[in-house]
Amino acid sequence: MSGIVMGVGDRLRKLRALTLVAAGTEDIVIPPSNALALVNAIPGAQLAQFSGGGHAFMAQYPRQLADLINEFLAL
């Protein structure tokens, strides 16, 4: 499992909490593929990718991220 520390992957597969993974598609600090690896490892996890977003995508898209989080928490 690329990007996920050995041993952590097994614990992630046991996670049963609702999980939202958000990432910028242009993050040069943490590769966007890591977000996909997390979503694939956590059962039922949801992935939100912010097109063109960098490592600080939350500062680039504050309203969109806030809306996404509010919608996720309203489930």
Side-chain angles (χ1 to χ4, degrees):
M1 183 176 304
S2 78
I4 297 181
V5 178
M6 187 80 103
V8 173
D10 290 334
R11 291 188 304 213
L12 290 174
R13 281 185 267 287
K14 295 176 184 174
L15 189 61
R16 296 297 176 247
L18 291 176
T19 304
L20 173 65
V21 177
T25 61
E26 302 301 320
D27 190 335
I28 61 171
V29 178
I30 300 174
S33 60
N34 285 13
L36 186 57
L38 282 172
V39 167
N40 287 332
I42 301 170
Q46 297 177 32
L47 175 61
Q49 294 181 306
F50 287 81
S51 182
H55 189 63
F57 72 90
M58 65 288 298
Q60 291 174 269
Y61 301 99
R63 173 51 45 203
Q64 296 91 329
L65 181 59
D67 291 344
L68 175 69
I69 292 169
N70 284 331
E71 182 178 317
F72 179 77
L73 293 176
L75 293 176

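Along the sequence shown, the residues carry numbers beginning at 1. All figures in this text were calculated on a predicted structure; none of them were measured in a lab.
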Participant: With hydrophobic residues grouped by side-chain heavy-atom distances under 4.5 Å, do Ile30 and Val21 end up in a single group?
Facilitator: no
Participant: Going by the salt bridge (Lys or Arg N to Asp or Glu O under 4.0 Å) test, which pairs reach into residues 38-60, not counting sequence neighbours?
Facilitator: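 Sorted result for residues 38-60: empty, none.
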Participant: Using side chain to side chain contact (heavy atoms under 4.5 Å, CB included) as the criterion, list what pairs up with Gln64, not counting sequence neighbours.
Facilitator: Phe50, Tyr61
Participant: Quick one: salt bridge (Lys or Arg N to Asp or Glu O under 4.0 Å) pairs with a partner in residues 39-66, sequence neighbours left out?
Facilitator: Arg63-Asp67
Participant: Is there a path of hydrophobic side-chain contacts, each under 4.5 Å between heavy atoms of I/L/V/M/F/W/Y residues, joining Phe57 to Phe72?
Facilitator: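 Yes, Phe72 and Phe57 fall within the same hydrophobic cluster.
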Participant: Are Leu73 and Met58 linked, directly or through intermediate hydrophobic residues, by side-chain heavy-atom contacts shorter than 4.5 Å (ILVMFWY only)?
Facilitator: yes
Participant: How would you list all residue pairs meeting ring pair (Phe, Tyr, Trp, His ring centres under 6.0 Å) that involve residues 12-48, not counting sequence neighbours?
Facilitator: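 Counting only pairs at least two positions apart or across chains, no ring pair (Phe, Tyr, Trp, His ring centres under 6.0 Å) contact touches residues 12-48.
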Participant: For Pro43, enumerate each residue passing the side chain to side chain contact (heavy atoms under 4.5 Å, CB included) test, keeping only those at least two apart in sequence or located in another chain.
Facilitator: Arg16
Participant: How long is the gap from CG on Leu15 to CG on Leu38, to the nearest 0.5 Å?
Facilitator: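 Reported value, rounded in 0.5 Å steps: 10.0 Å.
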Participant: Could you pull out all residues at least two apart from Gln49 that satisfy side chain to side chain contact (heavy atoms under 4.5 Å, CB included)?
Facilitator: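 Side chain to side chain contact (heavy atoms under 4.5 Å, CB included) check on Gln49 returns Thr25, Leu47.
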Participant: So, for Pro32 and Gly24, which heavy atoms are closest and what is the spacing to 0.1 Å?
Facilitator: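 In terms of heavy atoms, the two residues are closest at CG-O, 3.5 Å.
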